[in-house]
Amino acid sequence: MKHTPTILAELEDYLQQNGLTLAQFAENSGVHQRTLNNWILKHRPVAIHQLDRITFAMELPEGYYYDRYIEHYIIERSSDWRRIEPVLFRCVELDKLEAIQRIVGNIMDNLLYSPKLFDMAETLFAQGRHAAALLLYEGVAEAEKYQHSERLAICQYRMFTIQVGDDQNRNLKAANRFEPFVERLDEIEQLDALKDLANVYRSLQEWDMLYETARKMRAKAEIQYSIKHQQKKRNREEPAKKLSRPMFVYITYADLLCASVCEAQGDYEQALQFTYAYADLDWVIETDEDTQYWVSLYQHWAEGNTYVNKLHSGDTSVLPNYVEYITATSITDENEKLSKLLNVMIAANRYTIDVDDVLLQFEEDINSFAQLPAPTDMYTQQVLPNYLAYFGYELAYYYLYKGMHSTGFKHLKSATLKTIVLNNETYFINCMGLFEHFKAYAVDETKLEFSKLIEKVWLNNVKKNGTANRRD
């Protein structure tokens, strides 16, 4: 094993090679000579910001000595939090994630560090430094895994929020890991946690889990809404925890989610009943501007989804009304247009309806879907990418069955690429099945493109499953 010289040994070599006295180096680095003396003679470690100055004066890269500093002055000496905290923050600033993981792994035997590490993780999470925050949350969660604490539940919630991404298999695992901790959260924070969990289940098309989560969210929201207004009558203080939406929205959103479950399972009559439920908001007590915005939004969604459920049940006579509804609300955001036009395409393919005029009318909107804005919450992060892949598949299905093969394959390739990113096996199989059905109409270039996509999925699975490609 190769011996690595200490920082002090390298500093002494540097002074000798450059013919510098300690006083001269102190002046060059901006670190007081007494501090350097204490470090060299009495082995009192310098602070991390002083090490940065020393490193800069020696013309070395920023953070060059961090690994050795962590080994000698934190791990070996069991430093206190006053030394550890600034080192962690500097590692975050320099994106030294392995160093952070090393520190956390070595200090968490002492549970006294747990609340301090948690507070730091919350600060980093609020700043959007999620990769570093995740390492701290994981350290706290591991240390407190046998504790029945709210802090452990919050760690699990933050870990779930950070880990959810494009890969749907990983998302399902993240959701399953987090779900048992929801009940340990503050009763108010549980509502947002259930909402986020529901949006992941919705994107995964885990309909039973979505329905169960939505009903649980509704029951809890009803209780909290009742308590809220009882407290107002008694002039009690509002709860310290703040929700991302007005409280009544968690009740209406639960109904909307249940309607989507019924729709996906083909029970359009029950879906309509849930839709009528979230359209009727006379019971909402608040009258402020934010409340009025959400009331208006749910009534708008209810109108559209009433058309959708009738359309999907086979009442194609409502299609012109639905298209008119989309046109009348065309100033709404691109996300909403995507879901509405997806409903049109599902009905068109299910009941063999010619919607060429609709596609032409919304051609500009359809072309813009490829540049949807960055996600701002769990819904836009999880549900909309699935809609985009689904919409591409339905467009491809429509055009291929109309004999417009070039256009159909273009949309099918786009949808297939999205399913690969999402790691959505069901959508990918559907895309491949559609391609095989119309393969005879594809030009050689298109066949080669799809062959490469299939090979890419195969190699990804080989890598993921650890099955060696011995002939690579």
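- Residue-environment remark: CD (Gln292) exceeds the threshold of 12 foreign heavy atoms within 6.0 Å.
- Residues Leu210 and Ala198 come closest through the heavy atom pair CD1-O, 3.3 Å.
- Counting heavy-atom neighbours within 6.0 Å of Gln265 CD, excluding the residue itself, gives a total above 12.
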Would Tyr137 and Glu122 count as a side chain to side chain donor-acceptor pair (under 3.5 Å) here? Give the steps. CA-CA 9 Å; Tyr137 287 127; Glu122 289 285 83; 2.4 Å; yes
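- Side-chain atoms of Glu144 and Ser114 form a donor-acceptor pair, as typed in the model, at a separation below 3.5 Å.
- Ion pairing of Arg68 with Glu71 is absent here, as no side-chain N (NZ or NE/NH1/NH2) approaches a carboxylate O to less than 4.0 Å.
- Of the N and O atoms on the side chains of Tyr14 and Glu59, not one donor lies less than 3.5 Å from an acceptor on the other residue.
- Under 4.0 Å is where a charged nitrogen must lie from a carboxylate oxygen, and between Lys96 and Glu62 no such pair does.
- Checked against the 6.0 Å centroid criterion, the rings of Tyr390 and Tyr427 qualify as a close aromatic pair.
- Ion pair Glu263/Arg202 not flagged as a salt bridge, since none of the NZ, NE, NH1 or NH2 atoms sits closer than 4.0 Å to an Asp/Glu carboxylate oxygen.
- For the residue pair Tyr65/Asp52, the side-chain donor-acceptor check at 3.5 Å is not satisfied.
- For the atom pair Thr419 OG1 and Asn430 CG, the distance stands at 9.5 Å (nearest 0.5 Å).
- Under the 4.0 Å criterion applied to side-chain N and carboxylate O atoms, Glu183 and Lys220 are assigned as salt-bridge partners.
- Minimum interatomic distance between Thr213 and Leu194 (heavy atoms only, all atoms of both residues): CG2-O, 3.5 Å.
- In the model, Tyr253 has a side-chain atom that pairs as donor or acceptor with a side-chain atom of Asn199 under 3.5 Å.
- Counting only heavy atoms from C-beta outward, the side chains of Asn386 and Gln168 approach each other to under 4.5 Å.
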Passes salt bridge (charged side-chain N to carboxylate O under 4.0 Å, His left out), Glu286 versus Arg245? Steps please. CA-CA 13 Å; Glu286 295 85 355; Arg245 289 155 174 73; over 6 Å; no
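- Closest approach of Ala132 to Leu124, counting heavy atoms only: CB-CD1, 4.1 Å.
- Between Trp301 and Tyr278, the closest heavy-atom pair is O-OH, 4.0 Å.
- More than 12 heavy atoms of other residues, nucleotides or ligands lie within 6.0 Å of CD in Glu76, so this atom counts as buried by the packing criterion.
- Judged by distance alone, the side chain of Ser203 and the main-chain N or O of Val200 form a donor-acceptor pair under 3.5 Å.
- The minimum heavy-atom distance between Leu412 and Thr416, with the atom names listed, is O-OG1, 2.7 Å.
- Here the CG atom belonging to Asp196 is positioned 11.0 Å from the CG atom belonging to Leu191, to the nearest 0.5 angstrom.
- Between Leu257 and Phe274 the shortest side-chain heavy-atom distance does not fall below 4.5 Å.
- Here the closest heavy-atom approach between residue Ile40 and residue His43 is recorded as O-CE1, 3.9 Å.
- Interatomic distance, Tyr157 OH to Asp192 CG, rounded to the nearest 0.5 Å: 5.0 Å.
- Residues Tyr69 and Tyr73 bring their aromatic ring centres within 6.0 Å.
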Walk me through it: do Glu449 and Lys452 pass the test salt bridge (charged side-chain N to carboxylate O under 4.0 Å, His left out)? CA-CA 5 Å; Glu449 287 175 340; Lys452 288 180 177 178; over 6 Å; no
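- Taking a cutoff of 4.0 Å between a charged side-chain nitrogen and a carboxylate oxygen, Glu222 and Arg218 qualify as a salt bridge.
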